[in-house]
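Sharing a structure here in structure tokens format.
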Amino acid sequence: MTVSSTDDRRAKLFERVAMLQERLAQPASPMERQFVEALNGLQMALQELETAEEELAQQNEELLFIRERLEMERHRYRDLFELAPDGYLVTDLAGTIEEANQAAVALLGTPQFALSGKPFSVFILPAERARFRSLIRGVGVGQVLRDLELTLRRAGAEPVPVLLTIVKDEPKVGHPARLRWMLRDLSARKAAEARLRESEERLRHSQRLESIGRLAGGIAHSFNNLLAAIGFHSELLLDRVEGSERVHVEEIQKAGERAASLAGQLLAFGRRQVLQPRVLRLDDILRQMEPMLQRLLGEDVEVRLDLRLGAGAIEADLGQLEQVILNLAVNARDAMPFGGTLTLSTAGLHLAEEGYGVAQLPAGDYVQLTVADTGTGMDETTRTRIFEPFFTTK
């Protein structure tokens, strides 16, 4: 029955009651008086019914409003749950997944429909599952264990470190206790920490090099003073000796010149000697050095050139460049006691991004010189120290 039809029937009922009241305004008999009293009681009941119906309609409107608000809050909660940047899971006390938002689905690498009913522990790295089970037991008996780092494994993807936050919902009537999990991806933070450690290590390395450079420069200056005296007295001796004795003095002079060259390298390392960079053709330098390298390395070692740079030019100090190549060649010879092959290669190199190699080169065009040998190679401990000055395995 509609509201309008109910109102029409009520109005007609009131009209009939009013007509009866007019007719019985002056009751003639006791029966009529009883009837009038009953009629008045009915009218009062109708008025009370009308009041109650109005209150009921008002309460119905309030309930509809509350229902709409609850529906809005429910949708808002679902949006917050589904679109949260961190992963959220709802499990039972044993860790069986019941709900998962989109971020959790992405972290676990499993479709949302396949997560329901699956134990959360299967996504934990096997080596860390014992710690995870201990966490489940602790939360189940009321322990407050929230922030915990664990590693998730994913099918076809690299494991991902996450920070787990666990909250236990107390049981309610008709609703057993549940565990709510927040999964925060730590990959970016771990990568940033690794980059920071690398930067700190490079800083410490540069500081060590700077200290060693200052020490080397000071020693080289003092060494040069001694060499100057040796050279001066060698010149005096050459003017005074003759015959076979002159050969010994010339050897002293040559040794002094070699020592002066070594002091120059120390000064260059300490950045106290001005280098003389100029435009060089790396391929041409290697061709010119090939005969000398072959004599230096001996007959058991073959020197090969793989030059692909062509007309490409570099700006460098010739003496320093030759010294680097010679040092690498001598190290290669020591690594090939029974002979082998030393290959020197050149090529152009374009870096699209900054951060290449130990020097963290900026993006741009470069020349790459590769020196490779067929020797015994280096172990990991030696490889980590190859850029330290004065470090040697000899």
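Both backbone and side-chain heavy atoms feed into the values below; hydrogens, waters and symmetry mates do not.
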Same cluster (ILVMFWY, side-chain, under 4.5 Å), Leu321 and Leu326: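 Both belong to a single hydrophobic cluster.
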
Evaluation steps, salt bridge (Lys or Arg N to Asp or Glu O under 4.0 Å), between Arg197 and Glu200: CA-CA 5 Å; Arg197 286 193 297 270; Glu200 291 174 346; over 6 Å; no

Exceeds 12 heavy-atom contacts within 6.0 angstrom, atom CZ of Arg184: no

Leu163-Ile124 co-clustered via ILVMFWY side chain contacts under 4.5 Å: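 In one cluster with Leu163: Ile124, no.
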
Glu158 atom CD, over 12 foreign heavy atoms within 6.0 Å: no

Steps toward side-chain contact (heavy atoms from CB on, under 4.5 Å) verdict (Asn60, Leu56): CA-CA 6 Å; Asn60 190 36; Leu56 183 61; 5.6 Å; no

Verdict with supporting geometry, Asp185 and Ser187, side chain to side chain donor-acceptor pair (under 3.5 Å): CA-CA 6 Å; Asp185 189 351; Ser187 300; 2.8 Å; yes

N/O donor-acceptor pair under 3.5 Å between Arg180 side chain and Ile166 backbone: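 It does not hold such a pair.
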
Glu322 CD to Gln288 CD distance, which is reported to the nearest 0.5 Å: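 Going from CD on Glu322 over to CD on Gln288, the span is 8.0 Å.
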
Interatomic distance, Glu302 atom CD to Met336 atom CE [nearest 0.5 angstrom]: 10.0 Å

Thr341 side chain to Thr374 backbone, donor-acceptor under 3.5 Å: no

Nearest non-hydrogen partners of Ala100 and Leu115, listed with the distance: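 Heavy-atom minimum between the residues: CB-CD1, 3.7 Å.
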
With Leu179, the side chain to side chain contact (heavy atoms under 4.5 Å, CB included) member among Asp92, Thr96, Ile136, Val90: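 Result for side chain to side chain contact (heavy atoms under 4.5 Å, CB included) with Leu179: Ile136.
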
Closest non-hydrogen atom pair, Val303 against Glu290: O-OE2, 4.0 Å

Derivation and outcome, side-chain contact (heavy atoms from CB on, under 4.5 Å), residues Leu63 and Arg67: CA-CA 6 Å; Leu63 289 175; Arg67 181 180 178 182; over 6 Å; no

Glu299, CD: over 12 other non-hydrogen atoms inside 6.0 angstrom: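 No.
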
Heavy-atom pair of closest approach, residues Pro161 and Lys190: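 In this case the closest contact between Pro161 and Lys190 is CG-CG, 3.9 Å.
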
Non-hydrogen side-chain atoms of Arg278 and Leu280 separated by less than 4.5 Å: yes

Distance in Å, Leu305 CG paired with Asp283 CG, rounded so as to fall on 0.5 Å steps: 9.0 Å

Separation of Glu235 CD from Ile230 CD1 (nearest 0.5 Å): 13.0 Å

Point-to-point distance, once rounded to the nearest 0.5 Å, from CG of Leu227 to OG of Ser222: 11.0 Å

Pairwise side-chain contact, Leu349 with Asp365, heavy-atom cut-off 4.5 Å (strictly under): no

Worked check of salt bridge (Lys or Arg N to Asp or Glu O under 4.0 Å) between Arg385 and Glu380: CA-CA 9 Å; Arg385 302 185 61 189; Glu380 185 61 31; over 6 Å; no

Pro126 side chain reached by Arg153 side chain, heavy atoms, under 4.5 Å: yes

Heavy-atom donor-acceptor pair, Glu128 side chain to Thr151 backbone, under 3.5 Å: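 Side chain of Glu128 to backbone of Thr151, a donor-acceptor pair under 3.5 Å: yes, one is there.
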
Closest contact, heavy atoms only, Leu342 versus Ala332: CD1-CB, 3.7 Å

Flag side-chain contact, heavy atom, 4.5 Å: Phe120 against Leu152: yes

Any donor-acceptor N/O pair, Gln294 side chain to Gly298 backbone, under 3.5 Å: yes

Non-hydrogen side-chain atoms of Arg154 and Leu108 separated by less than 4.5 Å: no

For Leu328, the option from Val371, Leu293, Asp373 that meets side chain to side chain contact (heavy atoms under 4.5 Å, CB included):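 When Val371, Leu293, Asp373 are each tested with Leu328, the side chain to side chain contact (heavy atoms under 4.5 Å, CB included) holds only for Val371.
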
Heavy atoms from other residues, nucleotides or ligands near CZ of Arg204 exceed 12 (cutoff 6.0 Å): yes

Any Asp86 side-chain heavy atom under 4.5 Å of Leu183 side chain: no

Same cluster (ILVMFWY, side-chain, under 4.5 Å), Ile314 and Ile325: yes

4.5 Å side-chain heavy-atom contact, Asp306 and Thr346: no

Candidate pair Gln253 and Leu238, rule side-chain contact (heavy atoms from CB on, under 4.5 Å), full reasoning: CA-CA 9 Å; Gln253 192 176 40; Leu238 282 174; 3.3 Å; yes

Glu250 and Arg246: CA distance, side-chain angles, deciding distance, salt bridge (Lys or Arg N to Asp or Glu O under 4.0 Å) verdict: CA-CA 6 Å; Glu250 289 176 349; Arg246 187 178 180 85; 3.6 Å; yes

Verify same cluster id: Leu186, Leu107 (apolar side-chain graph, 4.5 Å):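 Leu186 and Leu107: separate clusters.
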
Distance flag, aromatic centroids of Phe132 and Trp181, threshold under 6.0 Å: yes

CZ-CG distance between Arg178 and Leu93, expressed to the nearest 0.5 angstrom: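 One finds 7.5 Å between CZ of Arg178 and CG of Leu93.
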
Check ion pair Arg189-Glu149 (N to O, under 4.0 angstrom):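 A salt bridge links Arg189 with Glu149.
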
Neighbour count above 12 (heavy atom, 6.0 Å) for Arg240 CZ: no

Side chain to side chain donor-acceptor pair (under 3.5 Å) between Asp379 and Thr382, intermediate numbers included: CA-CA 5 Å; Asp379 57 29; Thr382 304; 2.7 Å; yes

Nearest heavy-atom neighbours spanning Ile252 and Ser234: CG2-OG, 3.6 Å

Check: Phe113 main-chain N/O paired with Ser116 side-chain donor or acceptor under 3.5 Å: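 No.
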
In one Ile/Leu/Val/Met/Phe/Trp/Tyr side-chain cluster, 4.5 Å: Val160, Leu125: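 No, no single cluster joins them.
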
Heavy-atom side-chain contact between Phe123 and Thr110 under 4.5 Å: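 In short, these two side chains touch, coming nearer than 4.5 Å.
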
